[in-house]
Each structure stands twice: as C-alpha cells, then as structure tokens.
A.B. asks: 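Starting off with a structure, shown below.
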Amino acid sequence: MRYRVGEAHSMGFQVFVPFSPWSWLLLLVALKCPEASSDLNESTNSTAQREPNVRFAAAGSESDEKISVFALDYDYVQIPYEVTLWILLASLAKIGFHLYHRLPGLMPESCLLIIVGALVGAIIFGTDHKSPPVMDSSIYFLYLLPPIVLEGGYFMPTRPFFENIGSILWWAGLGALINAFGIGLSLYLICQIKAFGLSDVNLLQNLLFGSLISAVDPVAVLAVFEEARVNEPLYMMIFGEALLNDGISVVLYNILIAFTKMHKFEDIEPVDILAGCARFIIVGVGGVFFGVIFGFISAFITRFTQNISAIEPLIVFMFSYLSYLAAETLYLSGILAITACAVTMKKYVEENVSQTSYTTIKYFMKMLSSVSETLIFIFMGVSTVGKNHEWNWAFICFTLVFCQIWRAISVFALFYVSNQFRTFPFSIKDQCIIFYSGVRGAGSFSLAFLLPLSLFPRKKMFVTATLVVIYFTVFIQGITIGPLVRYLDVKKTNKKESINEELHIRLMDHLKAGIEDVCGHWSHYQVRDKFKKFDHRYLRKILIRKNQPKSSIVSLYKKLEMKQAIEMVETGILSTAAFSVPCQAQRIHRIKRLSPEDVESMRDILTRNMYQVRQRTLSYNKYNLKPQTSEKQAKEILIRRQNTLRESMRKGHSLPWGKPAGTKHIRYLSFPYGHPQPAGRDTRVAELTDNDSSDSELPSIMFKAHSRAGILQERWLTQEIIPMKSLPRGGKPSHFGYQRNTSQEEHDGRGRREALRPKPLFHAVDEEFESGEESGEETSAIRSRWSGEHRPTRQHHRSHSPLLQRK
Amino acid sequence: MGSLGSHAARIPDADSIRRETGFSQASLLRLYHRFRALDRNKKGYLSRMDLQQIGALAVNPLGERIIDSFFPDGNLRLDFPGFVRVLAHFRPIDDEDPGIRDPKEPEPLNSRMNKLRFAFQLYDLDRDGKISRHEMLQVLRLMVGVQVTEEQLESIADRTVQEADEDGDGAVSFLEFTKSLEKMDIEQKMSIRILK
C-alpha cells in the first residue's frame, strides 16, 4: 500500500529541506523502530537493556550504577550502523570487481550487487539477526526511488533521445503495456488450470503481477556490450526504455492497485477501464508537465547563484526532489516528473553553475543513485535468504517462459511497425539485442515486495517468482549477452594481424570517425531548428546568466592544460628532438632480422599506445562516470598539434601562398596588441587570451615550449606568437582588419552572450548556433566545456568592425 | 523529411553529382544541408577553417590530414561537388547488380580500390605514389601516444615498411599497400551507414 504524502507531511518536508534526504531517512527509520533488539547485542552494561530512547534519561535510579569506563550500546546505533555497513560492503565489492579489469566486461554490475546482497542476507539469516526494516513503502517511494530515476534522467543524452523520441515512446510505452497485459493474461489462464493450485489468484492480481514483472532495467547490461560499439539509435532505445519503463510500470501498478481495492470481485465495468486509460494518460502527461515547470524554475534560480556557488548542487537536487513530491501530491507520476525536470534543467544548469558545482552534481547524483540501488539489492538479498518463500513450480516456470515470450513478441511486432517509419530501420540483429537485454532489476523487486498483503494473500509466491525472474535474467542473460553481441557483431575471427594491418585498421577507424564527424548528425532539421530558435531567442535570455564569464570552467581546463604541458615538456616527452622532422631522412636503411618476440613486443606497443578512436556512440555506465582517459588523449593530441603547427610555421614561413599539404592553418582570434599579420595569408590560430581580466588566476595557455627551449613562463601571455615574429612580413592593416573582421563577424553572428572572457585553448570547436548544429553532445567532455567560446574578447576589437569592410 | 523536398531544386548540378557519386536524392539533400550548415559565413564554399571548426576533428589524431584530403592540389575552396566527391568514397558498396556496370565507365567512387586509394593518400603526403619510411613514421607519430619513444617508433615504422615492401625499394607502393590489406574487410571499415 502506497503511502501518500499528505499535505501535513509536505509541510513538514519543507521544514526539513536543509537536511539531506539521507539524514532524514535515517532519522525516520530510527524513529520507526525504536526497539530493534537483537541477539548480537552484547552489552556488558545494564544500559543496554533499556530502550535506546531512554538512554539519556537519568540513570540515578539504579542504585549500584557505577561509572563504567567501557560500555557497549549497540541498540542505539544499530540501524544506521548496519545500513552503513551494507553500503560499505557493496562499495568494497565494487572496488574488487573493477580491480580485475576483465570482469566488468563479462557480467553486469548488478550481478555483483545481488551477490553481495545474498551474502549479507545469508549472514543475517545465519546469525538470526533481525534486519533493520529499511524497506517499506514510504521509504522506497520517497527516498530510494527518486535518486535512481533522477540519475537516469540527468545523464540521458538529449539530442539522440529527441531524435528517436517517436520510436522510444512507441516502444517503451506500448511495449510495457503489451508485456504487462500479455504476461498477466497468460498467467491468469495458467491459474485457471486447477492442477496447479493457483485458482485463487484472480485476474487483477495477475495483471498487477504482469505489470510489475515487465519493468526492465536494461541499462545495467549496457556496460557489458559497450566495446561492441552498439550503434547510437539502438543505445538510445535501450536507454529510453529503461528511463520510461519505471514510470510506466509504477503508474500501471498504482492504477491496478486502485482497481483491486475498488473491486473485490471480477466485475469491472467498461467505464472503469476507460477511466483507467484516461487516468494513465493524465498521470503521465501531468507528471511531465510538472517536471518541466520545476526544471525551468530551477534553471532560472541558478542564474543568480554566482556568489554562492556552494548551494548550486543543493538547488538542483532540491528542485528535482520537489518536482517529484509535488507530482506525487496530486497523484501524478512523480517518476516522469523528476525525469522531465532533470532533462529540462540539465542544459541550462550546466551552463550556469560553476565547474566545481557541476562536478559535484554529477558525482553526487551517481553516488545517491548508487546507494539507493545498493540498498534495494541488499534488501533483495536479505529476502532471498529467508523463510518467507512460497515455491510454486508452475507459476514460476510459466512466469519465466511468458516473460521471454512476450518480450519477444513485443519487440518484433513493435519494431516491425516502427521500422516502416524510420529512416534507418533497426535490423533483426538489433532487435535481438533489444530482446535479450530485457534484464529485470531493482524496480520489479521493490514493487513486488511492497504488495499489500491484505489484497494479495499469496504475496509470498509473487515475491518468490519475481526473485527467480530477476536472478535468472540478471545472471544468465546478463552474462551471456556480452558474447552474444560480440558474436553478432564480429564478421571475421580474431586472428593475429600483422603490424601493418593493425596500423592500417586503426588509421581507417580514425578516418571513418573523422568523416562521420564531417557528415555530422542527420536528423529532423525543421523541428530542431525551430526549437533552437525559440531556445535562443527566449529561453536562454531568461535562464542563462548574463555576461557569462565561464571563467571557472575555462580556467580549470587551462590550468590542467598548463600543468600537463609543463609536465610533458619537463619529462622530455615533447622536446624538440622528438618532433623535429628528421632532415636526415636518408637514414641507412637497415634491414634487420627481427625475432618473433620483437615483433610481438612491437605489436604490444602499438596496441597499447595507439590512440583510441573517438567514440561517436554514447557511453553511459550506470555505476560509474566515464573515466578521463579520453580527455587525456584529446589533450595530448591537441598539444602535439599545436607543436607541429609551431614547427611547420617556423619552417614554412617562406612558402608562397599555396601551402604544402603538411602545413596547418592557424587562426588568430584576438590581437590585443595589434600584432601585424602576415599579409594575405589565411592563417589563424586559436589563442587563449588572457588580458586585463580581473580574474587573476586565469593564465592564458600558449604553448610556447619550443620558443623558449623548454623554459616555461608561469603566466603566459598570448600576445606574442613566435611564428609571427619570425615572419618578416609586415602586416597590412587592411588584411589585418579583414582577418579580424571575419572572425568578428562570425562572433557577432552568434548572437549569444557578450562575454568578454578568454577563449578556449584550441579554437577548433564546433558551436551551437542558430542554424542548428548541436555540438554539445557530439563532442567529448572537454569539448563541451570548450565549445561555444567564440566570443569577442576585447572592446577594442569591436571598435574595428564597423570601420572595416568585408572583402 | 518531406519538408526537405522543397530544397532539392536549390542544389546546383544535382543530377551530374548524383551520377558521379551515386548518392540518393535524400542523401544528397542531407549533405547539402550539412554543407550549408558548415559554411558559416554563407560564402557558398567551405574553407579549411570551416572544417577545422568541427570540434571532433581537432581531437582526431588524423584531423588535419582528413581536412587536407578535402582540399586536393592546394585548393583553398571546397565547393559542394568537391565535398560530396570526397564523401562518396565512404558510401557503402551496393550489393546489387555488380555485373551490370559498364566497364567503360570509371569505377564508382566507393569501390574498394578507390577507398584504398583514399586511405593511401592519407599516408602519402608528397603524392609520389609511395609511402616512404619517413611518411610511415610520421603517421605513426600522429597515432601513437607520447609514451612511446622515438626509437620504438622508428623500429615499428621500419618493420611496417618491411612487411609490406616486396620489391625492396624501401617504400610501400599502392599495389603493395593493397596487397597487405587484401584480407581486410575494407568495404565495411570505410563505409558509413548513413551515407547510403
């Protein structure tokens, strides 16, 4: 029975807003169970016999009470202590899990959590300890569920989601409904067979069971086949399904519970069914509506939090949570509300908050959802190892069978239909992967566990069946889906390739990724364009801070760049020698006889050190944030590029207008001191300008290691550009102006904020602009921080533009 | 998708481009939109800078070379036919009617040979038709992290050239290059699904 947050309580919640939800949880739990006595309570003191809340009462009544130097009072801390222990245990298990690096690719992490849960359950069962009742209806719906859903909504990549939204809604919505009703009806038919002894399970109960067992959690297996480079729409399908699935199941669950309570008999009138459907739609849409409103409000508020950036994460979390609670108050779908809030809020909040807040939000969100899920799984383990099971062979086996059958039916039927309307239809292979990734998770278990016993006399059977399905899908499907995907993907066997082939293969992968980036993302331009225009014209003006300095974000990355650049130079990695084009290219061509071990070691070196191809497809891991290796790699590439740029400029300055293939084009974004430009050359370089900024800790990063033979300045000013100096040409103002003007106009064309702030290190970034290329998600994390940074930085730049005409 | 149809008329020389590259009308339209989107100042052509502003290319180790391949022979401007011509190399190979092709017509741009030729030119910067050891070394340097020492790189480059070089001239010609990759599924590696 679902605990409804009444109005009085919602008032109470507002009072307690300053507390984190967790302390509130623990308090609540502690208050609910004042008398958690247990056999483990080894007290050597009489105080242990008393109830915890009497602990602080005056102890004067005991006549022979002495001050004891050492005493043990376990009752007082039992609940928080055990909860903390559980969480710690799960974290340790995760550490161990990831230490062996091949393990995450073999089985999903939820396997691990379940095992830990079962272990804890076994311990508790074995020691006959009464476990703290962490899980009851109100706690689950109020505290454990929101973080999980919030995390899913926040980390969802919006562009692919909205591109595929038709298919996702069709699949997730209808799929859940088909599965729920299909399984429910089939099980009802099975229950009618007298031989199985299930005739007391009526239709509604079966339907309810069907709805809760159809809640899948496929994201848990995403990590397993990540390396197989699942294509983006497929990824989005799985993600979208996970996201919407919880919401739909819970809505359905609640509607059916309401039905069950209303009609104890089987006579449900058609009016009720219609009302149910209408309710379903209203609940869903209403929830989303609430979420969007709250999202905008919180985005608006973050506009003003420059000076107190420490509360930014708080605002984000509190508003999301509030959207959930507000929707729940009105009997709307809180899950969809919180999801919509996260999606809406993310874009604007990310631009408004400081870098540290941004990181905090991400990590804290992962942490909260991780803790929630851990607790649920542990509780699942605790209930597994216990006496309250009811094993009914028929019901359980048929549940398993029907789950698979109905999922297959829904996948193939629904995708057959939606493929007719898609530009890039899903292949049968993709559909098989979607079918097989129907792994159940914590959601199903929670809903089963929270079935009201009064309405479901055979609740234990349901719980057992749910547990079996979860164990089966997570372990068997979770472990075998990796090999399955790899099998479906690989066209040839992995035989040893020669070094040649490896190199060429990697080159082609990079080439393909590059060309794909040139092609960009193709999607429905019209709608996206319209939304972008609307967004730029109205929403951004209201919701984004004015004069967004972005200083903290850019400065952090600049600092990192500089630090890394310094290190690289000092350790001699990027010394001039390494990069000098060997003029003595006519080395003596020695044909060495290489032993197989040498070849092996060469191959090893190559495989380990070659740059990874940029993952164009999304990468989402439910339990971790993406590691930073791709950023490191990107930095290396960019630094090195800057170097070679420098080198070739130095060598190439005497070349005429037409450049040889090796030279790069550089673009000057700002010329604080009016440096002359090489006449007529279409060169630009991205420099970081650190000018008269008030923010003194913003060093400009201009990698001048080569210019100064390894001596680096602490504060690098970009004004001086070595190649410029070495070039004998004088700058012609008109060309200068032309250069400037073009960059200027491009900047003005942005029409976005007029920040006077330093620009990113390497300008070659894509940006969002009105004609709609969404670059934010295309690029890696660095890039998203660096993008959109083309702002004119100096006032006196601007003064030039009206004067000079474009050619 | 239907709204894109009205723009079809705006593509200059659409028919000849289609014949040459084999793109479908819809793909050509999408490419045209992309071309226009990249061309920020509405110049009507793309310059190097426009391509350099594609963020992801900057962190691609071969980014500059890829951009260079769009500007053959030192051109500075990339017009739409040129843009499409390069991208046509990455069309998936049509499985249908391979035998009906007129042998007198030039090979389609997305044939295996042409794909390999495109990849070859990424190595062969001086366009002498051979990948010298030096060029191989340069590519290796681009693609490998900084931890690898110069000596290791040189020996790997040596070995690479040695493996492929058959006539002993110390460089890899195009035919040798093709031969070393004969077992590889080039068609799949160098095809982009959305470019049908």
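Computed over heavy atoms, backbone and side chain alike; hydrogens, waters and symmetry mates excluded. Proteins come first, then strands; the chains are lettered A, B, ... in the order of their sequence lines, and each starts at number 1.
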A.B. asks: Does any heavy atom of chain A fall under 4.5 Å from the side chain of Glu163(B), the backbone, both, or neither of them?
C.D. replies: both
A.B. asks: Taking the six-membered ring of Phe23(B), is the NZ or CZ of Arg18(B) close enough (under 6.0 Å from the centre) and on axis enough (within 45°)?
C.D. replies: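 Judged by the rule, Arg18(B) and Phe23(B) form no cation-pi pair.
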A.B. asks: Given that the side chain runs from C-beta out, which part of Ile156(B) has a heavy atom under 4.5 Å from chain A: side chain, backbone, both or neither?
C.D. replies: both
A.B. asks: What part of Leu122(B) gets closer than 4.5 Å to chain A, counting heavy atoms only: side chain, backbone, both or neither?
C.D. replies: side chain
A.B. asks: Under 3.5 Å, is there a donor on one side chain and an acceptor on the other for Thr149(B) and Gln152(B)?
C.D. replies: yes
A.B. asks: Measure Ser191(B) against the heavy atoms of chain A and call it side chain, backbone, both or neither at under 4.5 Å.
C.D. replies: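 Ser191(B) touches chain A through backbone heavy atoms alone.
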A.B. asks: Is chain A contacted by the side chain of Leu46(B), its backbone, both, or neither, given a heavy-atom distance below 4.5 Å?
C.D. replies: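 No part of it gets close to chain A.
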A.B. asks: Before accepting this row, confirm whether a basic side-chain N of the pair Asp50(B)/Arg40(B) lies closer than 4.0 Å to the acidic partner's carboxylate O.
C.D. replies: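 Salt bridge flag = no for Arg40(B) with Asp50(B).
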A.B. asks: Under the criterion side chain to side chain contact (heavy atoms under 4.5 Å, CB included), I'd like the reasoning laid out for Leu503(A) against Tyr123(B): C-alpha separation, chi angles, the key distance, then a yes or no.
C.D. replies: CA-CA 11 Å; Leu503(A) 185 62; Tyr123(B) 286 93; 4.2 Å; yes
A.B. asks: Kindly indicate, with the supporting measurements, whether the criterion side chain to side chain contact (heavy atoms under 4.5 Å, CB included) is fulfilled by Arg141(B) and Glu150(B).
C.D. replies: CA-CA 9 Å; Arg141(B) 266 206 214 107; Glu150(B) 188 65 17; 2.8 Å; yes
A.B. asks: Cation-pi check for Phe118(B) against Lys115(B): NZ or CZ below 6.0 Å from the six-membered ring centre and within 45 degrees of the axis, yes or no?
C.D. replies: no
A.B. asks: Name the member of Phe177(B), Phe35(B), Phe83(B) that forms the most heavy-atom pairs with chain A at distances under 4.5 Å.
C.D. replies: Phe177(B)
A.B. asks: Measure Val172(B) against the heavy atoms of chain A and call it side chain, backbone, both or neither at under 4.5 Å.
C.D. replies: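 Interface part for Val172(B): neither.
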